[in-house]
Amino acid sequence: MTPPEAPEDGTNQPGETPPAASVCAPVSLTVLQKRADFLKAARARRQGTASMMVQARRRAPDEAEGIRVGFTCSKKVGNAVSRNRAKRRLREAARAVLPQQGRDGWDYVLIGRKAETAERPFPLLLKDLEGALRKLHR
RNA sequence: GCGGAGGGCCGGAUGGCCGCUGGGGCGUAGGCCCGAGAGGAAAGUCCGGACUCCACAAGGCAACGGUGCCGGGUAACACCCGGGCGGGGCAACCCGACGGAAAGCGCCACAGAAAACAGACCGCCCCGCAUGUGUGGGGUAAGGGUGAAACGGUGGGGUAAGAGCCCACCGCGCCGCUGGCAACAGCGGCGGCACGGCAAGCCCCACCGGGAGCAAUGCCAAAUAGGGUCCCCGCGCGGGCCGGUCGGCGUCAGCCGAUACCGCCGCUAAGCGCGUCUUGGCCGAGAGGGACCGGGUUGGCAGCUUGAGCCGUGCCGCAAUGCACGGCCUAGAGGAAUGGUCAUCGAAGGGGGCAACCCCGGAACAGGAUCCGGCUUACAGGCCCUCCGCGCAU
RNA sequence: GCUGCUGUAGCUCAGAGGUAGAGCACUCCCUUGGUAAGGGAGAGGUCGAGAGUUCAAUUCUCUCCAGCAGCA
């Protein structure tokens, strides 16, 4: 089931992802660093999925440029190893999905969950993020 | 071969594509190229330091805390090495908070006659009286029972019964000699049992320690309200004193005062509280503008990785370690990088098979956050070296 | 990252080297026509875990494990 699909992903992603980030979409993807940005996003819309919680906020026009995204894992997720693994997988999922499906001028915050974020197969992780974005943009 | 002891090491591999962090080079720039990127515990934060700030200044004492056989190592340590003593193991070897209880105080439940300094419940023995079992006096601590612990142990002599009362050995204590730097050990002599346990109870002795921590600390910038100092303008608002006016009380002398009194208004659940006259003089200097200072907030920079560093060789030393020479540069983030995915190979484990082998499965504990030295705790599995016991063969 | 504090009954807390306790809650009984209140009786504990000191540890010491605070 996965082997037939997997090579497609392996050949498609390298060809498509970099142009999407560099040429086709002029929006830049930056990472949230400030505590205030996270707090603002936490007050905005949110959508939970099996593997993650997604918060999204449309910024005021003069705040910043492009799509911004942040990652968070609380201590409930586990020790440092599992927290870091969850954040890395979320970061990779955001890199694959947000340049196409994110909207310019929005902030997104992805929050890891206990075991699911680290264990869910990667294609399903991507689908979770896409579904959550669709609901949040409505 | 089986079982065991000690020490050391590794702890998924290779490659493709796409990324991340910081470094170097090129380029006006978009960007391109090069090389680097988690651990043995990075963990717990239990000790010891470096470093920074604060306090105090030669320093000492007190208090508090820590360490605690001896010697050595070290920047230092509660760590390491060697030795001693005690305990465990047939052994290799392992474990030990291991100073002082004859400086003092305190505690030792229950049981037991008695729990710390002597004494005697049941007993044993002698004598007297009464007599078949008691009673009075005296001696004794061997035996019984209790307890975690009971006033040296075993054997012999001795005795009315007993007792270090006497003797031998053991234990204990003191003295001397010998070996050792020392802890301590050995030997000899003497004493004649006195000295119960607890110091992870207070304490005594010796030694050590000022406090806080990189979220320490230093620097830069921005905006905001308020504070301090100085300068300019300056007497409009407000403060103090005196006076006026007005008001309240009054025993008619006076007293009190815009924080009083009456009333009103506003905030409040209510109470408290605040505001609601005026002009003149003097003192004083506010607000406004400018400059500087200090504090807080946000962001940035430094601290930030060349160090009690790592590797190799040689030398002194039983060893820890030290010294010399040569070589190497090995993460530096800051809501915090070291990843995702694919392919090939793959240890443990599970299933099938007489077996070769086949199928499933897919790597333990866990990730830097100023840096070092230790300790402790977690850890699938594997490799190497040395040693011990038993069995077999020679 | 650093520094402290706390773990005892279902809950809130005492306790101190030899017995584990109080209040509320729970169960049963009395009282009431019934409930509440009141009275009586009862049950409920690896004292966070593991080592050590001691004759004896919930208490003293050490090591772990949780939880909660503070520090820019």
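By convention in this document, chain letters (A, B, ...) are assigned in the order of the sequence lines, proteins followed by strands, and residues within each chain are numbered from 1.
An anti orientation is assigned to G280(B), its glycosidic angle lying beyond 90° of 0. Its glycosidic angle being within 90° of 0, A38(B) falls on the syn side. For C231(B), the base adopts the anti conformation, since its glycosidic angle falls more than 90 degrees from zero.
Salt bridge R95(A)/E92(A): present, at least one basic N to carboxylate O contact under 4.0 Å.
Contact check for H137(A) versus R45(A): no side-chain heavy atoms found under the 4.5 Å cut-off. Using a 4.5 Å heavy-atom threshold, the side chains of Y108(A) and R103(A) count as touching.
Spacing between A36(C) and C29(C) at atom P, rounded to whole Å, works out to 13 Å. Rounded to whole Å, the separation between the P atoms of G250(B) and C262(B) comes to 13 Å. Here, G23(C) and A14(C) have their C1' atoms 11 Å apart, quoted to the whole Å. For the P atoms, the distance linking G295(B) with C328(B) amounts to 50 Å, nearest Å. Only the P atoms considered, G192(B) is 45 Å distant from A92(B), to the nearest whole Å. To the nearest whole angstrom, the two C1' atoms, one in C53(B) and one in G374(B), are 27 Å apart. When the P atom is compared between A42(B) and C375(B), the two are found 11 Å apart, to the nearest whole Å. As rounded to the nearest Å, C121(B) and A113(B) have P atoms that lie 10 Å from one another.
One finds a side-chain N or O of N79(A) lying less than 4.0 angstrom from the OP1 or OP2 phosphate oxygen of G367(B).
Remark: the R91(A) side chain and the G335(B) base include no donor-acceptor N/O pair separated by less than 3.5 Å.
Toward the 5' end of RNA chain B, the nearer of the two residues N84(A) and R120(A), judged by each one's closest nucleotide, is R120(A).
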